[in-house]
Amino acid sequence: AKAIVHQTIVIEADIFADGHDRLGARVCWRAADESQWTYVAMRPASNDRWRAVVHADRIGEHVFDIEAWWDPFGSLLHDLSRKRDASVAFDAEVDELRTYLARLRSAAGEPHVSLLDQLLDGLDRLAPADAADALATEEARALVDACHDRPFLVRLDAPRRILVERRAAAFASWYEL
């Protein structure tokens, strides 16, 4: 594939699994001569199609990979929000999320352990409705994502390559003799 430097590159994939659990996905992106990956979250676009947007800041070969996994935190939050929206008691879902976070804490390293402790301590002092609000924040999501709990993680069979060209390449043809 080819792209133009400083222009948006849209990466899409069909991602699905058996069951009703929520999924997570991200693009792992870097220049071919770099070793450090940049991660960009993918979002559902339609049906099983997921999409992410990346930007190449320099000319040259780049590579990307796609990772997908079951998202236990997202699944639990989804179940909680459905019950809450239906005005059904959701105390059990809040307890399940507490249990999940405690399990996540036992496998986490610093600074995540301290942050999970703060979140769990805060949840213990809140009513279920307020606890649900605290769990649904971007900060809680980012903390869980930082703990790298990605069950059933899958990747592409091999990273894909993108040749990033200079802007003039979009308007001209070059021939080699």
Side-chain angles (χ1 to χ4, degrees), residues 1-86 88 90 93-94 96-97 100-101 103-104 107-108 112 132-171 173:
K2 291 188 178 185
I4 303 299
V5 69
H6 301 298
Q7 289 189 351
T8 299
I9 302 168
V10 177
I11 298 174
E12 294 185 337
D14 291 331
I15 300 172
F16 54 91
D18 289 337
H20 298 287
D21 287 327
R22 292 292 189 219
L23 301 175
R26 68 182 183 179
V27 171
C28 310
W29 164 259
R30 65 178 172 83
D33 61 351
E34 294 176 355
S35 59
Q36 188 70 27
W37 291 97
T38 299
Y39 301 102
V40 178
M42 297 187 82
R43 302 283 178 234
S46 63
N47 204 7
D48 295 330
R49 178 64 51 139
W50 289 61
R51 178 178 296 133
V53 175
V54 298
H55 303 276
D57 295 329
R58 66 183 180 116
I59 295 170
E61 188 173 336
H62 289 67
V63 294
F64 73 91
D65 204 348
I66 296 175
E67 297 179 342
W69 59 89
W70 281 358
D71 180 9
F73 185 70
S75 296
L76 291 167
L77 276 179
H78 177 73
D79 294 346
L80 186 150
S81 70
R82 296 219 22 176
K83 286 195 174 183
R84 187 178 194 178
D85 292 347
V88 175
F90 53 86
E93 282 70 21
V94 171
E96 269 188 88
L97 278 156
Y100 171 75
L101 292 172
R103 183 183 61 77
L104 201 60
H112 307 305
D133 291 338
L135 290 164
T137 63
E138 288 183 26
E139 292 82 12
R141 175 83 252 186
L143 176 57
V144 169
D145 287 347
C147 292
H148 304 291
D149 182 35
R150 295 185 175 89
F152 300 100
L153 176 72
V154 294
R155 292 185 178 93
L156 293 174
D157 55 345
R160 304 300 195 254
R161 300 190 179 284
I162 296 178
L163 181 59
V164 178
E165 299 275 0
R166 66 194 189 344
R167 188 165 170 75
F171 307 105
S173 297

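Lys2 contributes atom NZ, which lies 15.0 Å from atom CZ of Arg161 (distance to the nearest 0.5 angstrom). Separation of atoms CG (Leu135) and OG1 (Thr137) is listed at 7.5 Å; rounding is to 0.5 Å. For the atom pair CZ (Arg103) and CG (Asp149), the distance works out to 5.0 Å, reported to the nearest 0.5 Å. Note that CG of Asn47 and CD1 of Ile15 are 12.5 Å apart. Values are rounded to the nearest 0.5 Å. Note that CZ of Arg26 is 11.0 Å distant from OG1 of Thr38, once rounded to the nearest 0.5 Å. Here the CE-CD1 distance, from Met42 to Ile11, works out to 7.0 Å after rounding to the nearest 0.5 Å.
The shortest non-hydrogen separation linking Ala52 to Ala41 is CB-O, 3.7 Å. Across all their heavy atoms, Val63 and Pro159 have their closest contact at CB-CB, 4.4 Å. Here the shortest heavy-atom pairing between Ala32 and Arg30 reads O-NH1, 3.2 Å. Closest approach of Tyr39 to Cys28, counting heavy atoms only: CE2-SG, 3.5 Å. Residues Ala132 and Leu80 share a closest heavy-atom pair of CB-CD2, 3.5 Å. Glu165 and Ala169 get closest at one heavy-atom pair: CB-CB, 3.6 Å.
More than 12 heavy-atom neighbours from other residues, nucleotides or ligands sit within 6.0 angstrom of CZ on Arg84. No more than 12 heavy atoms of other residues, nucleotides or ligands sit less than 6.0 Å from atom CZ of Arg167.
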Next on the checklist: Using salt bridge (charged side-chain N to carboxylate O under 4.0 Å, His left out), reason through Asp33 and Arg58 one step at a time and then give a plain yes or no.
Outcome noted: CA-CA 12 Å; Asp33 61 351; Arg58 66 183 180 116; 2.2 Å; yes

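A salt bridge is defined here as a Lys NZ or Arg NE, NH1 or NH2 lying under 4.0 Å from an Asp or Glu carboxylate O, and Arg150 with Glu67 fails to meet this definition.
Judged as a ring pair (Phe, Tyr, Trp, His ring centres under 6.0 Å), the pairs with a partner in residues 49-83 (not counting sequence neighbours) are, in order, Trp29-His62, Trp70-Phe152. For residues 68-82, every residue pair satisfying the salt bridge (charged side-chain N to carboxylate O under 4.0 Å, His left out) rule, not counting sequence neighbours, is listed here: Asp71-Arg141.
With sequence neighbours excluded, no residue forms a side-chain hydrogen bond (donor to acceptor under 3.5 Å, both in side chains) with Asp57. Annotation: side-chain hydrogen bond (donor to acceptor under 3.5 Å, both in side chains) contacts of Glu12 (sequence neighbours excluded): Arg49, Arg51. Residues that satisfy the side-chain hydrogen bond (donor to acceptor under 3.5 Å, both in side chains) test with Asp65, not counting sequence neighbours, are absent from this structure. Asp21 meets the side-chain hydrogen bond (donor to acceptor under 3.5 Å, both in side chains) test with no other residue; sequence neighbours excluded.
Using a 4.5 Å cut-off on side-chain heavy atoms (C-beta onward), Val40 and Val53 make no contact.
Side chain of Arg43 to backbone of Ala45: no donor-acceptor contact under 3.5 angstrom is found.
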